[in-house]
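First the structure, in the form of structure tokens, and then the observations on it.
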Amino acid sequence: MRLRKFIPLLFIMAFTACFSEPKKLAEMEEYEGPILESENVEIIMTEGSIRKLGIKGNKQLTFSNGDLEFPETIRIDFFDSEGDTTSILTALEGFYDAKTKLYRATGDVVVINLKENQTLKTEELFWNPNTERIYTDQFFIVTTETDLIQGTGMDAPQDFSEFKVTNPKDTEFLIKETNENN
């Protein structure tokens with residue numbers, strides 16, 4: 001008989017514990033980490049059948065708010081209207097902010113314009129896919145076949161065919177003399 005009285009008491013204790021659980025769940029912090037982790041990611045964006053952009057990363061983290069993180073390098077290839085690569089952006093890390101719709105590259109950021117043979121180096125660079133522009137407010141160095149340009153703050157089209165310097169620093173230009181007959 002004693003066993004019968006003990007079992008209902010256990011049931012009441014377990015039943016009571018279940019109702020106190022929602023209070024504990026409400027006190028828990030919401031998970032803010034990635035909801036998806038992918039490795040060796042390659043994203044190709046096209047317009048019609050022409051490649052416009054390629055993004056590669058060793059790892060991509062996707063968050064519930066739409067943000068993306070590329071914690072183990074990022075590479076973005078930009079293509080012209082013919083589908084040929086115009087410029088390449090590489091960095092140690094990359095981030096996409098879904099709210100602002102901006103990409104941010106950090107750590108040893110390099111942009112190479114393949115057609116103009118010029119290179120940009122900085123520690124942080126933003127890319128706006130809507131305006132198709134890259135920019136930084138950090139220190140940068142641009143090297144061309146003839147020039148070394150340094151400064152703080154730079155803005156350029158994503159193909160890096162030209163650029164505007166906000167605050168130039170010790171810059172060296174090679175001035176070529178041309179013969180009127182050439």
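A 4.5 Å side-chain heavy-atom check between Leu125 and Leu120 finds at least one atom pair inside the cut-off. Contact annotation: the side chain of Lys121 never approaches that of Val111 to less than 4.5 Å [non-hydrogen atoms, C-beta and beyond]. By the 4.5 Å heavy-atom criterion applied to side chains, Ile74 and Glu93 are not counted as neighbours. You'll find the side chain of Pro71 reaches within 4.5 Å of the side chain of Leu61, heavy atoms only.
Judged as a side-chain hydrogen bond (donor to acceptor under 3.5 Å, both in side chains), the pairs with a partner in residues 75-87 (not counting sequence neighbours) are, in order, Arg75-Asp77, Asp80-Lys115. Sorted pairs that involve residues 27-52 and meet ring-ring contact (aromatic ring centres under 6.0 Å, His included), not counting sequence neighbours, are lacking altogether.
Separation of atoms CG (Asp67) and CG (Asn65) is listed at 3.5 Å; rounding is to 0.5 Å. Taking CD1 of Ile88 as the reference point, atom CZ of Phe79 lies at 8.5 Å (rounded to 0.5 Å). The OG1 atom of Thr119 lies 10.0 Å from the CD atom of Glu145; values are rounded to the nearest 0.5 Å.
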Could you pull out every donor-acceptor pair under 3.5 Å between side chains of residues 156-165 and any protein atom, sequence neighbours left out?
residue, atom, partner, partner atom, Å
Gln158, OE1, Trp127, NE1, 2.8
Asp159, OD1, Ser161, N, 3.0
Asp159, OD1, Ser161, OG, 2.8

Side-chain donor-acceptor pairs under 3.5 Å in residues 135-142, sequence neighbours left out?
residue, atom, partner, partner atom, Å
Thr136, OG1, Glu124, O, 2.6
Thr136, OG1, Gln138, N, 3.0

Which donor-acceptor pairs under 3.5 Å do side chains of residues 95-110 form with protein atoms, sequence neighbours excluded?
residue, atom, partner, partner atom, Å
Asp97, OD1, Lys99, N, 2.9
Asp97, OD1, Thr100, N, 3.1

I'd like a table of donor-acceptor pairs (distance under 3.5 Å, sequence neighbours excluded) in which one partner is a side-chain atom from residues 34-55, with atom names and distances.
residue, atom, partner, partner atom, Å
Glu37, OE2, Lys59, NZ, 3.3
Arg51, NH2, Gly83, O, 3.4

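Closest approach of Gln60 to Leu68, counting heavy atoms only: NE2-CD2, 3.5 Å.
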